[in-house]
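As structure tokens, the structure follows; a few thoughts come after it.
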Amino acid sequence: GGVSSQYDSIDVAQYSEEEFRAAVNAAENWGTYVAVHAYTPRAIQAALKGGVKVIEHAQLIDEPTIKMMAQKNAWLSSQAFLDNEYSNPQQGEARVKQIEVQKGTDDAFKLAKKYKLKVAWGTDILFNPKMTKNQGAILATMTHWYTAPEVLKMATSTNAELLALSGPRNPYPSKLGVVEEGALADLLLVNGNPLENINLVSNPETNFVVIMKDGVIYKNTVAK
């Protein structure tokens, strides 16, 4: 089921366990894995039983399903879906589904913490390119559930660990999410300490004084 899609009821599981297993087998033949867009316990459990490694969203998950994820070492790739200024604008039936998912967000993250799931971070920003400037601010809202150091680790080294699940299909030629020799030099210099004030990442234009990607400096406003 989906939120923004017009003909996609949130309660619909859509795929059977056997279909998931076929997809997982095909992906494993290519040395990679399957991630599934799912909200409800029924959909998530079918995916897990079929061998899926990553569940995207899962805001309507329940405790037995979280336990199953923990037992299978599955990843949760979720988002801070809250009813705030960073929400994707929805109307009509999509708005009804959006409110339902937003209400489940708090419980989903609390259960993920309780069972020590590996949690990746994303924004799920869709359809509105102007919203991308809010990604840092959305990241900062994760302190509803996690400490600032936990949030920053999630968005960097933990996300890099998830991307590495793609194995031989990994499009990145070097390590991500670490500062060490041989890794991709994607680095930020922040004017301040985001470990103490994570809201610094909410305003990258002002607070990111150096931006380096793959060893190339794209921004440097540090006084000479």
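Not measured: the values here are computed from a predicted model. Along the sequence shown, the residues carry numbers beginning at 1.
- How far CG of N84 is from CD of Q102: 7.5 Å, rounded to the nearest 0.5 Å.
- Side-chain contact check for V190 versus V209: every heavy-atom pair is 4.5 Å or farther apart.
- Put simply, the side chain of I125 reaches to within 4.5 Å of the side chain of Q135, judged on heavy atoms.
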Name every donor-acceptor pair, under 3.5 Å, that has one atom in a side chain of residues 37-44 and the other anywhere in the protein, sequence neighbours excluded.
| unit_1 | atom_1 | unit_2 | atom_2 | d |
| --- | --- | --- | --- | --- |
| H37 | ND1 | G1 | O | 3.3 |
| H37 | NE2 | H57 | NE2 | 3.4 |
| T40 | OG1 | A43 | N | 3.3 |

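- We find the CG-NZ distance between L189 and K219 to be 10.5 Å, quoted to the nearest 0.5 Å.
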Open item on the list: Using salt bridge (charged side-chain N to carboxylate O under 4.0 Å, His left out), reason through K133 and E205 one step at a time and then give a plain yes or no.
Closed with: CA-CA 9 Å; K133 65 181 175 60; E205 187 172 340; over 6 Å; no
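- Residues satisfying the ring pair (Phe, Tyr, Trp, His ring centres under 6.0 Å) test with F20, not counting sequence neighbours, are Y15.
- The shortest side-chain heavy-atom distance between Y172 and L163 falls under the 4.5 Å cut-off.
- Under the 4.0 Å criterion applied to side-chain N and carboxylate O atoms, D83 and R95 are assigned as salt-bridge partners.
- Note that CH2 of W121 and CG of L162 are 13.5 Å apart. Values are rounded to the nearest 0.5 Å.
- Cluster annotation: V119 and L152 are assigned to the same hydrophobic cluster (Ile/Leu/Val/Met/Phe/Trp/Tyr, side-chain heavy-atom contacts under 4.5 Å, transitive).
- When all heavy atoms of T158 and W75 are compared, the pair lying nearest together is O-CH2, 3.4 Å.
- A distance of 10.5 Å separates CD1 of I198 from CD of E150, quoted to the nearest 0.5 Å.
- In terms of modelled atom types and a separation under 3.5 Å, the side chain of K97 and the main chain of G2 share a donor-acceptor contact.
- Of the possible polar contacts, one joining the R169 side chain to the W30 backbone as a donor-acceptor pair under 3.5 Å is found.
- T65 places no side-chain N or O within donor-acceptor distance of the main-chain N or O of I61, the cut-off being under 3.5 Å.
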TODO: Starting from the C-alpha separation in whole Å, work towards a yes-or-no answer on side-chain contact (heavy atoms from CB on, under 4.5 Å) for D124 and F81.
DONE: CA-CA 9 Å; D124 199 48; F81 284 160; 3.4 Å; yes
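- At least one side-chain heavy atom of K213 sits less than 4.5 Å from a side-chain heavy atom of Y218.
- Here the side chain of T105 pairs no donor or acceptor atom with the backbone of Q59 at under 3.5 angstrom.
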TODO: Run the numbers on D106 and W145 for side-chain contact (heavy atoms from CB on, under 4.5 Å), then give the verdict.
DONE: CA-CA 8 Å; D106 188 55; W145 307 280; 2.7 Å; yes
TODO: Please step through side-chain contact (heavy atoms from CB on, under 4.5 Å) for the pair Q90 and S4, ending with a clear verdict.
DONE: CA-CA 7 Å; Q90 304 290 347; S4 58; 3.5 Å; yes
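- Within the 4.5 Å cutoff, no side-chain heavy atoms of Y33 are placed close to those of V24.
- Cation-pi geometry between K113 and Y146 is satisfied (NZ or CZ under 6.0 Å from the ring centre, within 45° of the ring normal).
- Note on L60 and I66: separate hydrophobic clusters, where clusters join Ile, Leu, Val, Met, Phe, Trp and Tyr whose side-chain heavy atoms are under 4.5 Å apart, directly or indirectly.
- T123 places no side-chain N or O within 3.5 Å of a backbone atom of I138 that could act as its donor or acceptor partner.
- You'll find the side chain of Q14 reaches within 4.5 Å of the side chain of D8, heavy atoms only.
- You'll find the side chain of L200 stays beyond 4.5 Å of the side chain of N191, heavy atoms only.
- Atom OG1 of T32 sits about 8.0 Å away from atom CG of L165, to the nearest 0.5 Å.
- Considering all non-hydrogen atoms of both residues, T141 and A80 come closest at OG1-CB, 3.4 Å.
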With a 3.5 Å cut-off and sequence neighbours excluded, list the donor-acceptor pairs that the side chains of residues 179-188 form with protein atoms.
| unit_1 | atom_1 | unit_2 | atom_2 | d |
| --- | --- | --- | --- | --- |
| E180 | OE2 | K175 | NZ | 2.9 |
| D186 | OD1 | D214 | N | 2.5 |

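- Under a cut-off of 6.0 angstrom, the local environment of CD in Q91 is sparse, with at most 12 non-hydrogen atoms contributed by other residues, nucleotides or ligands.
- Remark: the backbone N or O of S16 is paired with a side-chain donor or acceptor of E19 at under 3.5 angstrom.
- Connection of V201 to I211 is established within a shared hydrophobic cluster, with ILVMFWY side chains joined at heavy-atom distances below 4.5 Å, either directly or through further cluster members.
- A chain of hydrophobic side-chain contacts below 4.5 Å, direct or via other Ile, Leu, Val, Met, Phe, Trp or Tyr residues, connects L111 to L82.
- Contact of the E56 side chain with the S78 side chain is not registered, since no non-hydrogen atoms from C-beta on lie closer than 4.5 Å.
- Once rounded to the nearest 0.5 Å, the distance linking CG of N134 with CG of L139 reads 12.0 Å.
- A side-chain donor-acceptor contact under 3.5 Å links Q98 to the backbone of N88.
- For the pairing with Y115, the side-chain contact (heavy atoms from CB on, under 4.5 Å) check across K110, E63, M69, M68 returns one residue only, E63.
- In this structure, the side chain of N199 does not engage the main chain of S202 through any donor-acceptor pair within 3.5 Å.
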Task: Residues K118, L76; criterion side-chain contact (heavy atoms from CB on, under 4.5 Å); working and verdict - done: CA-CA 6 Å; K118 285 200 170 183; L76 173 62; over 6 Å; no
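- Under the 4.5 Å side-chain heavy-atom criterion for grouping Ile, Leu, Val, Met, Phe, Trp and Tyr, V101 is not connected to F109 through any hydrophobic cluster.
- Salt-bridge check for R21 with E17: passed, with a basic side-chain N closer than 4.0 Å to an acidic carboxylate O.
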